[in-house]
Amino acid sequence: VVDIFGLDHEPDLTVEPLPAHAIFVACRPGHPLTQKAELRIEELLRFPLVSTPMRGTLAAIVGNNSTVGHLDATSSRFLPAIQVNSLSLARQIACESDALFPGTAAMLTSDLAAGRLVQLNFRIPAMRTSYGIIQRRDRTPSPALKLFVTTLRLVEAELGSGHD
């Protein structure tokens, strides 16, 4: 399961897109941006982003902004200003700093409910996940992979009408 942005024409792979989920921006309670009723992207771009490296539409929206992060020309990945390998660490950093954390509703639920993070009033339609299942076209999937993919499809079906 990977971000499939740009993989739709890879001849050696089969690509099965998963349903897209909205991406929201969260920050710590008391963050300067929580005082605003509505936000413009220019206001968000004044604060560092904390996340794993990204591809896809969110990276294209953020672009090359030194405060938020930068686009790596070699990999075409967006490297956030505060780059981590763990999204749980990214959430923790956002809870304790002015960094902003982008995440899906499911990723943010527990932190929002506990009051550790606040969801900002900022949404644009292009802020969506673009994940999918990729497999080598010339390989037969193992029984374990088949079970995993079946389970993943069931979970996605349950989330179907979800909260994002």
Side-chain angles (χ1 to χ4, degrees), residues 1-7 16-73 75-134 148 151-164:
V1 176
V2 299
D3 184 341
I4 60 171
F5 184 80
L7 294 179
E16 177 186 338
L18 291 169
H21 296 274
I23 297 173
F24 302 94
V25 180
C27 63
R28 66 173 173 79
H31 189 286
L33 293 179
T34 61
Q35 308 305 313
K36 302 206 176 231
E38 290 187 28
L39 293 166
R40 296 183 331 265
I41 192 159
E42 296 80 24
E43 294 169 304
L44 268 71
L45 295 178
R46 293 184 193 142
F47 294 91
L49 203 61
V50 58
S51 186
T52 57
M54 295 178 258
R55 294 173 20 153
T57 54
L58 185 59
I61 292 165
V62 174
N64 222 0
N65 178 304
S66 60
T67 301
V68 178
H70 69 279
L71 200 58
D72 180 63
S75 67
S76 297
R77 290 182 150 233
F78 176 77
L79 306 177
I82 304 171
Q83 183 179 324
V84 295
N85 292 326
S86 158
L87 292 175
S88 62
L89 178 59
R91 285 194 304 273
Q92 181 181 347
I93 291 169
C95 289
E96 299 174 9
S97 71
D98 279 346
L100 304 177
F101 176 68
T104 63
M107 291 170 64
L108 298 172
T109 299
S110 63
D111 288 309
L112 296 175
R116 291 185 294 267
L117 289 175
V118 175
Q119 183 177 310
L120 293 173
N121 187 17
F122 178 79
R123 283 281 307 124
I124 52 178
M127 288 177 44
R128 304 195 67 69
T129 60
S130 58
Y131 293 116
I133 301 164
I134 63 166
F148 172 77
T151 303
L152 180 59
R153 288 179 185 135
L154 289 171
V155 170
E156 284 293 344
E158 285 179 23
L159 293 173
S161 62
H163 44 271
D164 55 11

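Quick note: numbers below take in every heavy atom, side chains included, and nothing from hydrogens, waters or symmetry partners.
Two rings, from His21 and Tyr131, have their centers 6.0 Å or more apart.
Phe148 CZ to Arg153 CZ: the interatomic distance, rounded to the nearest 0.5 Å, is 10.5 Å. The CG atom of Leu39 sits 5.5 Å away from the CG atom of Leu33 when rounded to the nearest 0.5 Å. The CD atom of Gln119 sits 12.0 Å away from atom CG of Asp111, with the distance rounded to the nearest 0.5 Å. Note: Leu87 CG to Ser51 OG = 5.5 Å, rounded to the nearest 0.5 Å. Once rounded to the nearest 0.5 Å, the distance linking CZ of Phe24 with CE of Met107 reads 12.0 Å. In this structure, CG in Leu100 is found 10.5 Å from CG in Leu117, a value given to the nearest 0.5 Å.
The closest side-chain heavy-atom distance from Met127 to Pro102 is not below 4.5 Å. Looking only at side-chain heavy atoms (C-beta outward), Val25 and Phe101 stay at 4.5 Å or farther from each other. When side chains are defined from C-beta on, Gln92 counts as touching Leu89, because their heavy atoms get closer than 4.5 Å. Residues Cys27 and Asp98 have side chains not in contact (no heavy-atom distance under 4.5 Å, counting atoms from C-beta outward).
The shortest non-hydrogen separation linking Ser88 to Ser86 is OG-OG, 2.9 Å. Taking every heavy atom of both residues into account, Ala22 and Arg123 meet most closely at CB-NH2, 3.5 Å. Of all the heavy atoms in Arg28 and Ala94, the pair that sits closest is CB-O, 3.4 Å. In plain terms, the two heavy atoms of Ala26 and Leu108 that are nearest each other are CB-CD2, 3.9 Å. Scanning all heavy atoms of the two residues, the minimum distance from Pro19 to Thr129 falls at O-OG1, 4.0 Å. Residues Ala20 and Arg128 approach most closely at O-NH2, 3.4 Å, considering heavy atoms.
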For side chain to side chain contact (heavy atoms under 4.5 Å, CB included), just list the numbers for Thr67 and Leu45, CA-CA rounded to whole Å, side-chain angles, deciding distance to a tenth of an Å, and then say yes or no.
CA-CA 7 Å; Thr67 301; Leu45 295 178; over 6 Å; no
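Ion pairing between a basic and an acidic side chain is recognised when a charged N comes within 4.0 Å of a carboxylate O; Glu43 and Lys36 show such pairing.
Here the rule is side chain to side chain contact (heavy atoms under 4.5 Å, CB included) with Ser130, and of Asp3, Leu18, Val2 only Asp3 fits it. Exactly one residue among Val50, Leu49, Val68, Thr52 makes a side chain to side chain contact (heavy atoms under 4.5 Å, CB included) with Pro80. That residue is Leu49.
Between the side chain of Arg91 and the backbone N or O of Arg116 there is no donor-acceptor pair closer than 3.5 Å.
Within 6.0 Å of atom CD in Glu42, more than 12 heavy atoms from other residues, nucleotides or ligands are found, so the atom counts as buried in its surroundings.
The side chain to side chain contact (heavy atoms under 4.5 Å, CB included) check on Pro17 picks up Ile4, with sequence neighbours excluded.
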